[in-house]
There are 2 protein chains.
Amino acid sequence: MLGPAITAGDYPPGSVLRTDELAQRFEVSRSVMREAVRVLESMHLVESRRRVGVIVRPAAAWNVYDPQVIRWRLAGADRPRQLRSLTVLRSAVEPVAAALAATHATAEQCAAITECAIGMVAHSRGHKLEGYLLHDVAFHRLILTASGNEMFARLGDVVEEVLAGRTHHEVMFDDPDPAAVTLHVQVAEAIREGDAARAEHLTREITEGALKELDILAP
Amino acid sequence: MLGPAITAGDYPPGSVLRTDELAQRFEVSRSVMREAVRVLESMHLVESRRRVGVIVRPAAAWNVYDPQVIRWRLAGADRPRQLRSLTVLRSAVEPVAAALAATHATAEQCAAITECAIGMVAHSRGHKLEGYLLHDVAFHRLILTASGNEMFARLGDVVEEVLAGRTHHEVMFDDPDPAAVTLHVQVAEAIREGDAARAEHLTREITEGALKELDILAP
DNA sequence: TCGCAAATAAATCTGACTTTTTCTTGGCGC
DNA sequence: GCGCCAAGAAAAAGTCAGATTTATTTGCGA
């Protein structure tokens, strides 16, 4: 596909492509290729200009919040850089989201969050990494949703990608750090009790741990 | 246009549209309408299904980080809600970005940030709101860029929309709050001196001020 | 140097054809 | 008579290819 190729940096910024040529290369009609180009254009990956062609835009212009772009880039070569960027974003957003969740979460949401934390504990020993991941993702997603902020809520997919990436692609033979598991349980507690400051502080510890983990893996 | 209509909530989730009908309504050919639908689909605003039509997706599915979607929603009816969401996002991201900028910014970037702060001071009195806005936007954009995190850098447009919205649409007869201007100058100082903690704290004060301002305008 | 004309590639339009999915209808067994 | 399943019809998206339009760049000539 073209999207992965562009996000991988196969075409330097300013490269010019022509739709008919692309249509031939991918063995589709021009209309199909046009639609694809229009989508890439809406992602700011390329820019279409009359009499010139389809121009590849510099990485700084890409809409890096587009889930599709995130997936393409995570599958590509600069995956480590991308993972770091996303983890830093997490470290900024999640503590604030947890603080908001502490004041906004409904009783049902509190119950669900606690349930996830319990699930994490239950899968924290004995190489049950998949089950652990499942509850971990649900835990963070619930908090982002419970914050009541739609911008935060939409980052659930990003968190999922980052956590899944850590489990599947990076080295992760051992069971998760018991201290991290405890932190999750305590965050659930804080949110339940409506203690925003504590929820924020504890979540910050979690995300800082994730950052440190990245430093160890890819210094 | 269709994008604004959907983001405005004119079509309840699940509404079914047909491309041929839309093409007629907007007086364009089917191919053009198809391309438009494909773009809306990439924004997760709609979902196209064979034998059914183009289905409007619920707001929770929309890619609210797409600059185009942000603009459409800011122009629509739930502008206040949107502004609040974005301001909360700012309050999470900008302090962390400022801390990173304090350790990552080059000498040139420090100079540019300081220059903007000076510009803000110069335009802070005498109803020079436009000039003030210009420097304010540049200031925050520079910090986001200097953080060295591409995800932060791409939020420059969001900050611009929020700040511009405050100046143009909300009531803003008076000159900006002198305390806020001073905070900006101090943030520039902190970044120059590499004092991450101070830059983060001061930026948090700025964004908290922005949130309080929203509370006063639309409680 | 300025303006006009030619060339070029995207943009648009159109009509025919294909594919997939859903709805309907008819037949069969209970 | 009622319910269920399968075959077929219908509907709308998806695909394709050819013709036409439009805008922009380039180069030629005044």
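Atoms considered below: every heavy atom in the structure, side chains included; atoms not considered: hydrogens, waters and symmetry mates. A note on names: the letters A, B, ... follow the listed sequences, proteins ahead of strands, and every chain is numbered from 1.
- In this view, A:Asp66 satisfies the salt bridge (charged side-chain N to carboxylate O under 4.0 Å, His left out) rule with no residue, not counting sequence neighbours.
- Scanning for side-chain contact (heavy atoms from CB on, under 4.5 Å) contacts around B:Val137 gives B:Leu133, B:Arg141, B:Glu160, B:Leu163, with sequence neighbours left out.
- Take B:His104 and apply the side-chain contact (heavy atoms from CB on, under 4.5 Å) test, not counting sequence neighbours, and it matches B:Leu100.
- A salt bridge links A:Glu47 with A:Arg49; the closest basic N to acidic carboxylate O contact falls under 4.0 Å.
- For the residue pair A:Thr19/A:Arg34, the side-chain donor-acceptor check at 3.5 Å is not satisfied.
- A nucleotide of DNA chain D counts as in contact with chain B when one of its atoms lies under 4.0 Å from a heavy atom; the first and last such, 5' to 3', are D:dA10 to D:dT15.
- Proximity of residues 28-51 of chain A to DNA chain C (heavy atom under 4.0 angstrom from any strand atom) is restricted to A:Arg34, A:Arg38, A:Ser48, A:Arg49, A:Arg50, A:Arg51.
- If you measure from atom CD of B:Glu27 to atom P of C:dT12, you get 15 Å, rounded to the nearest angstrom.
- Residue-level contact check: A:Ile55 touches neither bases nor backbone, having no heavy atom under 4.0 Å from any strand.
- Taking A:Thr103 as the reference, A:Ala196 meet the side-chain contact (heavy atoms from CB on, under 4.5 Å) condition, with sequence neighbours excluded.
- In this structure, the side chains of A:Val37 and A:Leu17 stay at 4.5 Å or more apart for every pair of heavy atoms.
- Heavy atoms from other residues, nucleotides or ligands lying under 6.0 Å from CD of A:Gln24 number 12 at most.
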